[in-house]
Each structure stands twice: as C-alpha cells, then as structure tokens.
Amino acid sequence: MLESSRISEDRAMRDRLGVFEDRTDAGRRLAATLSPMETLAGPVVCAIPAGGVPPGVEVARALKAPLRMAVVRKVQIPWNPEAGFGAVTWDGRVFLNRGLMAGLHLSDAEVSAAIAKAKANVAERLEKFSGGRQEPGLEGRTAILIDDGLATGYTMLAAVEAARAELPRKVVVAVPTGSLHAVNFIARRADLVVCPNIRTSPTFAVAQAYERWHDLTDQEVQELLVQARDMGLF
C-alpha cells in the first residue's frame with residue numbers, strides 16, 4: 001500500500017517484470033511522465049552514476065535541463081561488498097544505518113576503513129565524470145534525482161539529504177522501478193517520487209524490470225557524458 005500522496009506510479013505496471021527494454025528506454029518513459037509536470041521549475045537533473053546516467057541523459061534531454069553527477073557510494077560491508085551499511089555523498093557527508101550496524105557487530109576500525117574506501121571512491125568518480133567542472137547549483141531550483149531503481153532506498157536517501165543541503169526549491173526522485181518499501185521510505189523525505197514500476201514482492205531486484213541489463217562500465221558512462229556535452233546538457 002502506498003503511504004503518501006507524493007508518489008506517482010503507473011498502475012498498469014504494478015508488479016510487472018521486464019517492462020523496460022533497457023535504461024535508455026526507461027529514461028524516455030520517465031521523461032514522458034515528468035515533461036507535463038508544470039511544478040518542476042528550473043529543473044536540474046542529478047544522475048547517480050553509473051546506472052542513473054542513461055535515464056538521466058534522456059530526462060535532461062526531454063526537459064532541456066542541465067545534467068550533473070550526483071555521486072553516491074555505499075559504505076560496503078567488509079565481507080559482502082554488494083551490500084552496504086551506509087552511504088557517502090558528493091559533498092563528503094556520511095550516512096550510516098545504525099540499526100543495521102548494530103546487528104553486524106563491526107569494529108571501529110572496520111567502520112573507519114569502509115568509510116575511507118567509500119570517500120576515496122566518491123572523489124575518484126567525481127574527478128573522472130565531472131573533470132573538475134563547476135556543476136550547476138541547486139539553490140532555488142528543482143533537483144531531480146535519478147537512478148535506475150530503488151531496492152532498499154538508503155543510497156537515494158543520502159542523495160536526497162545531500163541535495164537538500166544545497167537549498168533547492170523542491171527535491172524530486174525519479175526512478176523507473178522500485179520496491180514498495182523503498183518508494184514509501186523515500187517519499188517521506190522527497191517532495192515527489194516518480195516510479196512507474198512499483199513492485200510488492202519481498203524478493204526485489206532492480207534488474208528484473210529490464211529486458212536487457214548489465215553493470216555499466218566507467219567508459220560507458222563517460223561516452224554517455226560526451227553525448228550529453230554535445231547536446232549542451234553537461
């Protein structure tokens with residue numbers, strides 16, 4: 001059950017799998033939903049690399065909005081790097097899931113090492129993808145945070161909080177697919193969550209919403225950003 005009126009979904013897509021060809025198709029579908037919205041004044045599209053870049057480019061193109069990188073990296077669990085107990089954002093903020101940490105029994109040294117690794121990765125990606133350029137500011141504008149999906153929502157929560165610190169007029173989260181729990185979780189902090197494909201299954205995987213899926217390489221992201229630059233978006 002949706003817990004907020006600040007959530008936009010496509011009911012025809014509820015609980016369906018394989019609804020998008022790939023991330024680019026998903027971005028075009030997001031753009032079709034966002035474009036008619038008259039409340040998105042002065043939008044800045046903030047794509048979370050790597051997976052958020054293809055849909056972010058499509059949304060930025062449709063809205064004729066500037067594109068910037070919203071680099072967020074999870075703080076990895078030492079013995080399970082696919083999972084995280086927190087996140088580090090582009091402005092150096094650290095967000096930790098204290099409830100999860102209590103059950104992991106991590107030492108102070110393990111926590112510090114994991115945070116340092118995430119911070120180093122954020123700095124490396126900022127340099128690689130932004131190249132030291134001045135990113136468009138968010139103050140007084142609509143920040144549209146884009147990723148390819150919401151599983152737990154914790155990384156996106158960190159992105160929302162970092163965006164809020166730049167004093168935007170509004171924070172909109174736009175993702176092609178998401179778990180019901182994560183969408184409700186993020187809707188408590190964002191002004192609007194646009195998620196066409198909400199799924200209620202307890203076993204959720206972002207990849208299941210896509211016919212074609214692979215982990216994007218840094219080179220693929222850089223190629224997309226060159227295209228965005230040629231279009232005057234980046």
Side-chain angles (χ1 to χ4, degrees), residues 2-14 19-20 23-49 51-72 89-91 129-130 133-150 153 155-178 182-198 209 224-225 227-234:
L2 294 181
E3 297 179 3
S4 172
S5 59
R6 294 181 294 181
I7 297 171
S8 172
E9 72 164 319
D10 183 340
R11 291 291 301 186
M13 285 192 186
R14 173 68 75 97
V19 290
F20 307 111
R23 292 179 178 91
T24 297
D25 174 54
R28 289 170 181 158
R29 304 278 280 275
L30 277 180
T33 300
L34 291 164
S35 293
M37 293 184 178
E38 298 178 355
T39 59
L40 305 182
V44 178
V45 174
C46 308
I48 298 178
V53 175
V57 169
E58 294 303 316
V59 171
R61 187 200 331 246
L63 298 182
K64 296 181 174 58
L67 175 71
R68 64 176 272 182
M69 295 294 96
V71 180
V72 182
T89 59
W90 61 87
D91 60 355
F129 297 146
S130 298
R133 79 175 189 126
Q134 184 67 38
E135 297 276 31
L138 301 180
E139 186 172 356
R141 307 185 71 170
T142 300
I144 303 178
L145 294 165
I146 295 186
D147 206 350
D148 53 15
L150 288 180
T155 298
M156 183 60 79
L157 175 65
V160 169
E161 297 297 340
R164 289 268 187 221
E166 297 188 38
L167 304 178
R169 177 183 176 186
K170 181 180 296 187
V171 175
V172 174
V173 170
V175 290
T177 187
V183 169
N184 281 327
F185 176 55
I186 293 300
R188 298 185 192 115
R189 287 298 297 143
D191 295 295
L192 175 66
V193 178
V194 176
C195 182
N197 175 232
I198 294 177
L224 284 165
L225 295 180
Q227 296 174 25
R229 192 172 292 117
D230 290 343
M231 291 184 284
L233 304 173
F234 184 71

Asks: Less than 4.5 Å apart, side chain to side chain, heavy atoms only: is that true for D10 and N197?
Replies: no
Asks: Keeping the roles fixed (side chain from D25, backbone from F20), state whether a donor-acceptor pair exists under 3.5 Å.
Replies: no
Asks: How would you list, by chain and number, every residue that makes a ring-ring contact (aromatic ring centres under 6.0 Å, His included) with F234, sequence neighbours excluded?
Replies: none
Asks: Considering residues at least two apart in sequence or located in another chain, which fulfil the side chain to side chain donor-acceptor pair (under 3.5 Å) criterion with R164?
Replies: D191
Asks: What pair of heavy atoms forms the shortest contact from P168 to A163, and how long is it?
Replies: CD-O, 3.1 Å
Asks: Taking atom CZ of R169 as the centre, report whether more than 12 heavy atoms of other residues, nucleotides or ligands fall under 6.0 Å from it.
Replies: no
Asks: Answer whether the closest heavy-atom distance between the side chains of C46 and R68 falls below 4.5 Å.
Replies: yes
Asks: Which residues pass the salt bridge (charged side-chain N to carboxylate O under 4.0 Å, His left out) test with R229, not counting sequence neighbours?
Replies: none
Asks: For G27 and V59, which heavy atoms make the closest approach, and how far apart are they?
Replies: O-CG2, 3.7 Å
Asks: Do E166 and D91 have side chains that approach each other closer than 4.5 Å (heavy atoms only, starting at C-beta)?
Replies: no
Asks: Looking at side-chain heavy atoms only, is the closest gap between F185 and L150 below 4.5 Å?
Replies: no
Asks: Could you tell me if the side chain of M156 sits less than 4.5 Å from the side chain of I48, heavy atoms only?
Replies: yes
Asks: With T155, which residues qualify under side chain to side chain donor-acceptor pair (under 3.5 Å), at least two apart?
Replies: none
Asks: Is the shortest side-chain heavy-atom distance between V193 and N184 below 4.5 Å?
Replies: no
Asks: Please determine whether side-chain contact (heavy atoms from CB on, under 4.5 Å) holds for the pair I186 and V175, giving the CA-CA distance in whole Å, both sets of side-chain angles, and the decisive distance to 0.1 Å.
Replies: CA-CA 11 Å; I186 293 300; V175 290; over 6 Å; no
Asks: Pair up each side-chain donor or acceptor in residues 29-45 with any protein partner under 3.5 Å, not counting sequence neighbours, and list the distances.
Replies:
residue	atom	partner	partner atom	Å
R29	NH1	V19	O	3.4
T33	OG1	R29	O	3.4
S35	OG	A31	O	2.7
T39	OG1	K170	NZ	3.4

Asks: With rounding to the nearest 0.5 angstrom, report the CZ to CG distance, R61 to L67.
Replies: 11.0 Å
Asks: Could you tell me which non-hydrogen atom of A70 sits nearest to which non-hydrogen atom of P49, and how far apart they are?
Replies: O-CD, 3.5 Å
Asks: I need the minimum non-hydrogen distance between A182 and G153, along with the two atoms involved.
Replies: CB-N, 3.9 Å
Asks: Over all heavy atoms of both residues, which pair between T89 and A159 is shortest? Give the atoms and the distance, please.
Replies: CG2-N, 4.2 Å
Asks: How many angstroms lie between CE in M13 and CD1 in I198, if you round to the nearest 0.5 Å?
Replies: 11.5 Å
Asks: For residues 139-150, which residue pairs qualify under side chain to side chain donor-acceptor pair (under 3.5 Å), counting only residues two or more places apart or in two chains?
Replies: R23-D148
Asks: Please find the pair of heavy atoms, one from V57 and one from L233, that lie closest to each other, and give the distance.
Replies: O-CD1, 4.1 Å
